[in-house]
**Student:** 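Dropping a structure here in structure tokens format, bear with me for questions.
Within every chain, numbering begins at 1; the chains are lettered A, B, ... in the order of the sequence lines, protein sequences first and strands thereafter. All values below were derived from every heavy atom in this structure, side-chain atoms included, with hydrogens, water molecules and symmetry-related copies excluded.
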Amino acid sequence: MADRYEPHVIEPKWQQRWETDQLYYASDEDARTKWYELAMFPYPSGDLHTGHWYHYAGADTHARYMRMLGYNVLFPMGFDAFGLPAENAAIKRGVDPADWTRTNIVNFRRQFKMMGASFDWSREVVTSEPDYYKWSQWWFLQMYNRGLAYRAAAAANWCPGCQTVLANEQVVGGRCERSDDVVERRFLTQWFFKITEYAEELLRFDGIEWPERIMAMQSNWIGRSEGAVLEFEARTGGAAESLGVFTTRPDTAWGATFLVLAPEHALVNLVTTAMQRKAVTEYVQATARASEIERLSTDREKSGVFTGGYALNPFSGVEVPIWIADYVLVTYGTGAIMAVPAHDQRDFEFATKFGLPIVPVYDHPEIDVTAPLKQAIAHGGRMINSGPFDGTPGNEAVQRVIAHAVEKGFGKATITYRLRDWLISRQRYWGAPIPIIHCEQHGILAVPEADLPVELPDHPHFEATGQSPLKQIESWVNAPCPIDGAPARRETDTLDTFMCSSWYQMRYADPRNTERPFSSELGRKWLPVDQYTGGADHAVMHLLYTRFFWKAARDMGIVEGDEPMLRLFNQGTLLGPDGQKMSKSRGNVVAPDDQVAQWGADAFRCQLMFVGPWDQGGPYNPSGMSGIVKWLHRLWGLATEEAVLTSDPKSEATRSLRRATHKAIRAATDEMAGFRFNTLISRLMEHSTAMHKARAAGRVDREAWEEAVSVAVLLTAPMAPHLAEELWARMGKPYSVHQQAWPVCDAGLATDDEIELVVQVNGKVRDRITLPMGASEADARAAVFASETVQQWLKGAEPRRVIYVPGRLFNIVL
RNA sequence: GCCGAAGUGGCGGAAUGGCAGACGCGCUACGUUCAGGGCGUAGUGUCCUCACGGGCGUGCGAGUUCAAAUCUCGCCUUCGGCACCA
């Protein structure tokens with residue numbers, strides 16, 4: 001048996017053993033309290049990179065810790081396997097997306113094993129396999145049956161060169177990332193989930209412990225704003241048409257001197273006069289073409305066109321012109337605004353450019369509002385030019401004007417959200433087919449549950465024909481109508497991959513169920529997730545979708561409770577040694593396989609955990625690795641090399657060693673619970689140093705030494721699982737270290753018997769005094785004033801005041 | 001522009017309002033027949049001092065406090081997210 005620490009020998013050995021023994025298998029029958037620890041599953045592309053290691057090493061460490069605390073831990077892993085990269089590989093290199101994906105998964109599993117991660121592989125899910133996506137389709141049908149899925153026209157990015165729809169991330173600077181063609185917008189009929197029905201509830205984060213940052217980002221994304229919808233009366237030549245505008249400042253309605261509609265607004269056609277028809281049509285087309293590129297730049301000059309139509313401002317009774325402009329978004333509010341140029345900068349710029357009237361409806365303490373304004377001014381003084389409301393102070397105005405509008409019947413208080421419904425259709429091959437059949441006679445029909453899954457056909461075509469790949473496979477598209485069996489056609493859009501990942505945590509509870517997505521017993525046993533970990537890049541998409549999904553499932557009676565993930569921890573982003581994002585083009589990539597070959601998995605895991613706070617990420621510099629490697633070697637030496645043992649339980653040396661051991665337990669427990677792995681390791685290093693000193697001093701008490709060694713191994717086990725297992729075995733302890741109980745701190749043993757009191761004069765440290773533990777304030781005072789150093793600083797002056805912090809500090813104020 | 005997080009040695013980073021710089025890297029000196037990316041001991045913010053010791057120090061400027069890296073206010077910078085949201 002080698003006496004040296006040789007990670008390359010021990011790591012594969014224990015990985016094999018753990019796998020054979022199914023050491024991390026989570027049993028449904030285990031009656032202990034469950035703990036569901038979930039790390040966001042990866043998209044299997046190429047290799048596990050260092051960022052993956054950073055995430056999963058931390059999650060694995062915490063899962064192992066929870067096991068040692070005695071929980072029945074469920075720590076599953078799987079693959080979010082549908083998606084664009086597989087399809088791109090298919091297009092570029094002619095490989096089958098399914099083959100490409102399966103090959104990558106095999107590689108990922110190998111690398112996860114190499115890490116020593118304690119996943120329960122018996123529960124693995126792969127979202128691109130029919131036994132999983134059958135249930136993604138099932139969920140779609142449940143949503144559809146409850147009216148939460150619907151079809152509507154929506155803009156898609158269209159690449160004229162590739163003749164295909166592009167995802168937003170494939171559009172770079174308004175151009176197709178592959179062909180560099182200018183991307184157009186095309187309106188297609190697509191499927192949506194009504195996430196907006198849950199907007200209000202999604203803003204509440206009751207009962208969950210999530211980072212403030214993430215909750216703020218979600219609130220921001222949902223974008224709740226309170227205001228009113230006011231009904232203007234559009235004069236369309238024929239009958240008057242009601243035209244609702246959303247505003248957060250209904251109190252400025254008397255200053256609304258024109259209306260602006262989004263170019264896509266439904267009433268544009270109706271209000272446009274013959275004279276203006278040509279200009280309006282051109283502008284609408286230009287907007288459609290301009291799409292993202294220009295609309296994204298905030299400070300470009302306002303553009304717009306007069307429709308020729310007018311509307312009656314119900315407050316002032318004045319007829320105001322109706323314009324269209326692309327700064328008004330059809331997707332927000334009612335897609336129409338009343339413009340109040342005196343008090344809104346955007347409206348002001350627009351009015352100035354097109355010579356429209358500017359009427360202030362608030363006075364201002366410093367600005368003469370009767371003179372022409374140079375810019376929009378804040379509303380907040382008292383109302384003017386507002387008929388019966390003149391003189392109303394700003395703080396009461398909104399409520400009073402809304403009440404007035406309600407009474408007169410031309411408006412009501414409303415809440416609007418920025419959040420839009422979730423577009424789940426993708427015109428792609430590599431996704432779960434949406435289980436819908438279009439029948440000419442019967443319309444849109446759900447595929448009967450008994451016919452699920454609707455499997456993806458083999459041999460997809462990826463030619464640029466302008467049609468989605470599934471549309472080109474006639475044999476697949478043609479399907480009988482579920483009602484009468486007449487020829488009908490399948491829906492050829494596939495589901496957004498975010499849908500597959502919105503419910504995967506449920507599937508882990510019962511992953512092989514062929515009757516249901518999961519049984520209600522196992523759902524009750526394992527759900528919800530107790531601890532979720534993952535990158536903050538999923539703050540608003542995945543993490544919002546999965547909350548929506550859960551709430552919808554709750555309302556269907558499928559799950560209990562309001563939230564899917566009770567605690568969330570976001571690890572930070574790991575950067576390259578140069579502080580830049582790791583990327584192949586920068587050449588600053590740290591390859592995990594190389595690191596493992598060089599140092600071993602345990603060292604690499606520990607180093608990743610040691611570089612800084614886990615939620616902070618930051619630069620990863622392999623040059624610091626030697627510190628961790630040294631420590632692991634030292635730990636090895638402490639546990640395997642002989643110490644001169646004796647029986648000396650009462651000596652100061654013994655007490656001191658035991659104190660160090662129990663302080664280490666206390667610190668490690670505390671740091672582990674808070675995911676502070678960096679300071680946790682530093683505490684373990686301190687313990688190693690204490691052990692080293694105790695042994696070097698000569699004889700050590702046998703009991704204290706053995707305690708120190710086993711505690712050191714146990715506390716290290718979650719982070720360096722192979723090393724700990726090997727040392728545990730060499731100590732002759734029963735397999736496995738990972739099934740041992742986490743050590744418990746004996747507070748009495750951890751207590752110092754002396755304290756060092758810091759003595760300050762006027763807040764500056766002037767002396768330190770050692771006192772026995774439990775010394776009274778009187779003792780402390782006596783000792784302080786007896787100090788020569790203190791007397792020198794006092795110079796005979798009389799203390800005005802003294803502050804005593806027991807056991808810590810004594811401050812004399814002169 | 002709005003929302004959020006963060007600014008501490010040469011570097012990564014520690015500090016329930018109570019000793020700033022734990023732990024580690026790097027560096028310096030000394031020791032060691034160091035085969036295993038050696039090991040051990042001591043030192044390492046800065047300025048003054050042979051030294052004892054002292055002054056100054058946590059992005060900048062105020063404030064609260066006996067006491068501030070930490071709390072408050074104002075600014076600057078960096079990073080992340082959103083962005084013509086009415």
Side-chain angles (χ1 to χ4, degrees), chain A residues 2-6 211-221 223-225 227 245-249 252 256 260 262 295-300 302 325-329 331-340 344-347 349-350 416-419 536-537 539-540 572-573 575 577 579 598-599 607 610-613 615-631 633-634 637 676 678-686 688-689 692 696 756-768 789 799-805 807-814:
Chain A
D3 293 312
R4 283 161 39 205
Y5 168 44
E6 287 177 309
E212 279 301 324
R213 184 171 52 129
I214 302 299
M215 296 192 287
M217 279 163 83
Q218 291 205 349
S219 300
N220 223 277
W221 184 264
R224 179 183 201 271
S225 90
V245 300
F246 175 71
T247 174
T248 54
R249 296 304 302 236
T252 60
V260 187
R295 289 187 85 159
L296 272 179
S297 77
T298 6
D299 46 16
R300 96 199 142 103
K302 294 272 176 293
D326 62 6
Y327 79 93
V328 176
L329 309 174
T331 49
Y332 186 76
T334 61
I337 63 160
M338 62 175 201
V340 186
D344 182 284
Q345 188 57 26
R346 293 158 304 179
D347 297 344
E349 285 167 23
F350 195 85
T416 296
Y417 302 91
R418 201 192 77 101
L419 181 72
D537 42 331
V540 282
T573 309
L575 305 172
Q598 210 171 350
W599 310 103
Q607 176 62 8
F610 187 60
V611 288
D615 56 352
Q616 203 176 290
Y620 176 77
N621 201 332
S623 75
M625 180 65 94
S626 59
I628 284 290
V629 172
K630 259 187 232 174
W631 172 57
H633 276 279
R634 253 169 106 200
R676 291 182 298 271
N678 58 326
T679 43
L680 164 53
I681 292 177
S682 75
R683 300 304 215 128
L684 298 182
M685 287 172 165
E686 283 174 332
S688 295
T689 305
H692 180 84
E756 192 185 60
L757 192 69
V758 171
V759 183
Q760 296 183 334
V761 177
N762 283 335
K764 293 203 187 256
V765 181
R766 295 305 183 191
D767 201 5
R768 287 153 219 274
T789 323
R800 201 155 55 90
R801 190 178 162 191
V802 298
I803 288 103
Y804 177 61
V805 183
R808 289 171 153 269
L809 178 130
F810 198 96
N811 188 12
I812 303 166
V813 185
L814 297 179

**Student:** Applying a 4.0 Å non-hydrogen cut-off, can you work out what A/Q345 is touching in the nucleic acid: base, sugar-phosphate, or nothing?
**Tutor:**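 Contact class for A/Q345: none.
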
**Student:** If we count only N and O atoms by modelled type, under 3.5 Å, do the side chains of A/R634 and A/T689 hold a donor and an acceptor together?
**Tutor:** yes

**Student:** Does B/rG43 have a Watson-Crick or wobble mate here (both distances under 3.5 Å), and if so which one?
**Tutor:**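 Partner of B/rG43: B/rC27.
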
**Student:** According to the interplanar angle, ranging from 0 to 90°, do the rings of A/F810 and A/Y804 count as parallel (below 30°), tilted (30 to 60°) or perpendicular (above 60°)?
**Tutor:** tilted

**Student:** What is the pairing partner of B/rA14, taking Watson-Crick or G-U wobble pairs with both distances under 3.5 Å in any strand?
**Tutor:**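 Across all strands, not a single nucleotide pairs with B/rA14.
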
**Student:** What nucleotide, of B/rC3, B/rA86, B/rU41, holds the atom closest to the side chain of A/H692?
**Tutor:** B/rU41

**Student:** Using a 4.0 Å heavy-atom cut-off across all strands, classify A/T416 as base, sugar-phosphate, or nothing.
**Tutor:**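 No contact.
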
**Student:** Base, sugar-phosphate alone, or nothing: which one does A/R213 contact when heavy atoms must sit under 4.0 Å apart?
**Tutor:** sugar-phosphate

**Student:** With a non-hydrogen cut-off below 4.0 angstrom, is A/R766 in contact with a base, only sugar-phosphate, or nothing?
**Tutor:**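 Result for A/R766 = sugar-phosphate.
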
**Student:** So what does A/W631 hit on the nucleic acid, given a heavy-atom distance under 4.0 Å: a base, only sugar-phosphate, or nothing?
**Tutor:** nothing

**Student:** Could you tell me whether the side chain of A/K302 has a donor or acceptor atom within less than 3.5 Å of a complementary atom in the base of B/rC84?
**Tutor:** yes

**Student:** Output yes when a side-chain donor or acceptor of A/D344 lies under 3.5 Å from a complementary backbone atom of A/A339, and no otherwise.
**Tutor:**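 The answer is no, because no donor-acceptor pair under 3.5 Å joins these two groups.
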
**Student:** With a 4.0 Å cut-off on heavy atoms, is A/N621 in touch with a base, just the backbone sugar-phosphate, or nothing at all?
**Tutor:** nothing

**Student:** Which part of the nucleic acid, if any, lies within contact of A/V758, taking any heavy atom under 4.0 Å across all strands shown: a base, the sugar-phosphate backbone alone, or nothing?
**Tutor:** base

**Student:** Which nucleotide, if any, forms a Watson-Crick or G-U wobble pair with B/rC73, using both distances under 3.5 Å?
**Tutor:**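 Paired with B/rG61.
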
**Student:** Can you tell me the base-pairing partner of B/rA22? Count Watson-Crick or G-U wobble geometry only, both distances below 3.5 Å, and say none if there is no partner.
**Tutor:**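 None - no nucleotide pairs with B/rA22, as no candidate has both distances under 3.5 Å.
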
**Student:** So, under a plain 3.5 Å distance rule, would you say the side chain of A/Q598 forms a donor-acceptor pair with the base of B/rG37?
**Tutor:**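 It does, because a donor-acceptor pair links the side chain of A/Q598 to the base of B/rG37 below 3.5 Å.
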
**Student:** Once you apply a heavy-atom cut-off of 4.0 Å, does A/V805 come out as touching a base, just sugar-phosphate, or nothing?
**Tutor:**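 Base contact.
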
**Student:** Given that both distances must come in under 3.5 Å, which nucleotide forms a Watson-Crick or G-U wobble pair with B/rA5?
**Tutor:**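 Its partner is B/rU78 (Watson-Crick or G-U wobble, both distances under 3.5 Å).
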
**Student:** Using Watson-Crick or G-U wobble geometry with both distances below 3.5 Å, tell me the partner of B/rC50, or none.
**Tutor:** none

**Student:** Could you please name the option among B/rG40, B/rG12, B/rA86 that lies closest to any side-chain atom of A/P619?
**Tutor:** B/rG12

**Student:** What nucleotide among B/rC82, B/rC66, B/rG40 has an atom nearest to a side-chain atom of A/R801?
**Tutor:** B/rC66

**Student:** Who is the Watson-Crick or G-U wobble partner of B/rG37, with both distances under 3.5 Å?
**Tutor:**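 Its partner: none found.
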
